[in-house]
Protein chains: 2
Amino acid sequence: MLPEKTVERLSMYRRVLQTYQDNKSEFIYSHELASLLHLTPVQVRRDIMLIGYTGTQRKGYSVRELIEKISQILDGGAQINAVIVGMGHLGKAITNYFNSKRSKIEIVAAFENDATKINRIISGIKSYHTDSLETILEDTHATIAILSLSPPEAQDITDRLVFAGIKGILNFTSIPLNVPEDVFLENYDMVTSIEKVAYFVKEKIKK
Amino acid sequence: MLPEKTVERLSMYRRVLQTYQDNKSEFIYSHELASLLHLTPVQVRRDIMLIGYTGTQRKGYSVRELIEKISQILDGGAQINAVIVGMGHLGKAITNYFNSKRSKIEIVAAFENDATKINRIISGIKSYHTDSLETILEDTHATIAILSLSPPEAQDITDRLVFAGIKGILNFTSIPLNVPEDVFLENYDMVTSIEKVAYFVKEKIKK
DNA sequence: ATAGTTTTGTTAATAAAATAACATTGTTTT
DNA sequence: AAAACAATGTTATTTTATTAACAAAACTAT
């Protein structure tokens, strides 16, 4: 099992490499990849070492092979299905953004309570009423859920998602969720991020 | 200067405390605050120690005082102005979300290129054409920028923001930005987050 | 009042992440 | 062919973050 930070960077390596692939050389040096992401060459080499890929000395890494290896590590070749709960602005932002990327992860369904949004295709995703969550999850075999709904319902929905077999949750609501140990939970809170920026700006200016 | 992770948690403590304040007791124990956020009591106590606040033994922390102390640390009492660049779904999601919270950080202007969105009030924020970025920044004395625009323009906008005096950037675009050393840059990438969840789900199932 | 309990505050230990150091290998130059 | 160079791969060190350990204080019960 790779370190969290390495996994995050692998995702970024792959994305950068995919755009690099289209126009540039067949090989890439660790310092080139590093500078594309503002990292150090050592960190790039260490991450690549951890996934067991090995480049050729003096030539660097084969872009194609490296993408392949990272993909194999990150999604293991298998298609992964995700659902999104809450199709407000955030939900639409995520789906729009996500569908424009090449990825083995596919958002296969959205859930909403707002009647005007149900049984329509929104941002390319078929949207269902929250009531049919269990049925759709069974049909689609989704293992991941993205939560972009309003806080009050978040824990209820989470319980139902987990019960229906969801194994990973990306939580954009500001409330801390309760999940069993075998479910991987990743939280992201925009307000916290902005407050963090504000704090470090203040500290930097102080100096 | 506090550790990054502590700053993040302080932001979350404050939020949780603010809702706690309304209905519950005057004091709170470290283990209570911890369990509200799924952290350990030790971590809570250590963070609180780092900001130099001290509770009373056997009674816990005064909710009011702790909120005050955290606020003093995070925003130092001063109002902080932020702008947002890009008022697509993501921009709207952020502003809606943010304006519903009590905070010393205020989003004072939005920038857009889309003519239909300019000189209107969107999600409660006055929206301007990107051309007037420099003028508005001078007027509002904003120090923080949130980037929720489409990638191609991101670096250009960043250069202009930095030149106009922005000291902190929260970047939601997927491209890595170049900023001078004295500007604090925080990146958040949704695709990376989802791919991370997918990886750890896969690994957990494997076991 | 004394012993026991509960909670804070702080130091010590451990774990995770990043960085530095360097050995190795293939390429180029002379 | 030998020396110099430039890149990778890996181990060692340092830094950052978390967790554990425990002393001190304040309340409770006997």
Side-chain angles (χ1 to χ4, degrees), chain A residues 1-13 17 24-63 65-66 69-70 73 176 181 184-187 192 196 199-200 203, chain B residues 1-13 17 24-63 65-66 69-70 73 176 181 184-187 192 196 199-200 203:
Chain A
M1 185 119 68
L2 297 167
E4 287 213 12
K5 298 290 175 185
T6 295
V7 174
E8 288 176 16
R9 283 190 298 267
L10 287 174
S11 162
M12 298 193 291
Y13 296 154
L17 287 170
K24 303 273 171 50
S25 137
E26 194 185 338
F27 285 83
I28 191 168
Y29 294 127
S30 62
H31 66 258
E32 290 174 318
L33 185 47
S35 96
L36 288 171
L37 287 159
H38 306 124
L39 302 170
T40 65
V42 203
Q43 194 158 53
V44 170
R45 293 208 300 277
R46 222 181 174 291
D47 287 335
I48 292 175
M49 183 197 85
L50 289 175
I51 62 173
Y53 178 68
T54 155
T56 56
Q57 244 149 1
R58 194 80 193 212
K59 275 178 92 178
Y61 305 96
S62 153
V63 175
E65 279 179 23
L66 186 49
K69 184 72 186 186
I70 293 175
I73 295 284
E181 261 212 6
F184 183 86
L185 174 63
E186 172 83 1
N187 296 296
T192 292
K196 181 178 164 187
Y199 172 80
F200 284 106
E203 290 301 308
Chain B
M1 187 117 68
L2 298 166
E4 288 214 11
K5 297 289 176 185
T6 295
V7 174
E8 289 176 15
R9 282 189 299 265
L10 286 174
S11 161
M12 298 193 292
Y13 295 155
L17 287 170
K24 302 273 170 52
S25 137
E26 195 186 336
F27 285 83
I28 191 168
Y29 294 127
S30 62
H31 67 258
E32 290 173 318
L33 185 46
S35 98
L36 287 171
L37 287 159
H38 305 126
L39 304 170
T40 64
V42 203
Q43 196 158 52
V44 170
R45 292 208 301 276
R46 220 179 176 294
D47 287 335
I48 291 175
M49 184 196 84
L50 289 176
I51 62 172
Y53 178 69
T54 155
T56 55
Q57 244 151 1
R58 194 80 193 216
K59 276 179 91 179
Y61 304 96
S62 152
V63 175
E65 281 178 21
L66 186 50
K69 184 73 185 183
I70 293 175
I73 295 284
E181 261 211 8
F184 184 86
L185 175 64
E186 171 84 1
N187 296 296
T192 292
K196 181 178 163 187
Y199 172 80
F200 284 106
E203 289 302 306

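Here is how names work: the chains are called A, B, and so on, in the same order as the sequence lines, proteins then strands, and each is numbered from 1.
- Taking atom CG of B:Leu66 as the reference point, atom P of C:dG9 lies 10 Å away to the nearest angstrom.
- The line from CD1 of A:Ile28 to NZ of A:Lys59 is 14.5 Å long, rounded to the nearest 0.5 Å.
- How far OG1 of A:Thr56 is from OH of A:Tyr61: 9.5 Å, rounded to the nearest 0.5 Å.
- Applying the side-chain contact (heavy atoms from CB on, under 4.5 Å) rule to B:Leu2 yields the partners A:Tyr199, B:Val7, B:Leu10, B:Leu50, B:Ile51, B:Ile73; only residues at least two apart in sequence or on another chain are considered.
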- [ ] I would like to know whether A:Met1 and B:Phe200 meet side-chain contact (heavy atoms from CB on, under 4.5 Å); could you show each step before the answer?
- [x] CA-CA 8 Å; A:Met1 185 119 68; B:Phe200 284 106; 3.7 Å; yes

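- For C:dT10, its base never sits under 3.5 Å from the side chain of B:Arg46 at any donor and acceptor pair.
- Take A:Ser62 and apply the side-chain contact (heavy atoms from CB on, under 4.5 Å) test, not counting sequence neighbours, and it matches A:Phe27, A:Tyr53, A:Arg64, A:Glu65.
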Task: Verdict with reasoning, A:Met12 to B:Thr192, per side-chain contact (heavy atoms from CB on, under 4.5 Å) - done: CA-CA 7 Å; A:Met12 298 193 291; B:Thr192 292; 3.6 Å; yes

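- Put simply, CD1 on A:Ile51 is 13 Å from C1' on D:dG9, counting in whole angstrom units.
- Remark: A:Pro41 pairs with A:Ser30, A:His31, A:Ala34, A:Arg45 by the side-chain contact (heavy atoms from CB on, under 4.5 Å) rule, at least two apart or across chains.
- In this structure, the NE2 atom of A:His31 is 9 Å from the C1' atom of D:dA7, given to the nearest Å.
- In this structure, B:Leu33 and B:Leu66 have side chains that are in contact, with non-hydrogen atoms separated by less than 4.5 Å.
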Might you list the N or O atoms of the protein lying below 3.5 Å from N or O atoms in nucleotides 14-16 of chain D, with each pair's distance?
none

Using the 3.5 Å cut-off, write out each protein N or O paired with an N or O of nucleotides 22-24 of chain C and the distance between them.
{"from": "C:dT24", "atom 1": "O2", "to": "A:Gln57", "atom 2": "NE2", "distance (Å)": "3.0"}

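- When rounded to the nearest whole Å, the span between CD of B:Glu32 and P of C:dT6 equals 14 Å.
- Applying the salt bridge (charged side-chain N to carboxylate O under 4.0 Å, His left out) test to B:Glu4 and every residue at least two apart in sequence or in another chain returns A:Lys196.
- Between the P atom of C:dA17 and the CE atom of A:Met1 lies a distance of 12 Å, rounded to the nearest Å.
- Along DNA chain D, the nucleotide closest to A:Ile28 and the one closest to B:Lys5 are compared, and the more 5′ of them pairs with A:Ile28.
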What N/O pairs connect the protein and nucleotides 1-5 of chain C at under 3.5 Å? Give each pair on its own line.
{"from": "C:dT5", "atom 1": "O2", "to": "B:Arg58", "atom 2": "NH1", "distance (Å)": "2.7"}

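- The distance from atom CG of A:Asp47 to atom C1' of C:dA17 is 10 Å, rounded to the nearest whole Å.
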- [ ] Kindly indicate, with the supporting measurements, whether the criterion side-chain contact (heavy atoms from CB on, under 4.5 Å) is fulfilled by B:Leu17 and B:Leu36.
- [x] CA-CA 10 Å; B:Leu17 287 170; B:Leu36 287 171; over 6 Å; no

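- The stretch residues 36-44 of chain B does not touch DNA chain C, since none of its heavy atoms comes less than 4.0 Å from the strand.
- Every side-chain contact (heavy atoms from CB on, under 4.5 Å) that B:Gln43 has, sequence neighbours left out, goes to B:Arg9, B:Leu39, B:Thr40, B:Asp47.
- The distance between atom CG of A:Leu50 and atom P of C:dT19, rounded to the nearest whole Å, is 15 Å.
- What separates CE of A:Met49 from C1' of D:dT11 is a distance of 9 Å, to the nearest Å.
- Distance check: B:Ile48 CD1 to B:Lys69 NZ gives 11.5 Å after rounding to the nearest 0.5 Å.
- Within 4.0 Å of B:Thr6, counting heavy atoms only, lies no atom of the nucleic acid at all.
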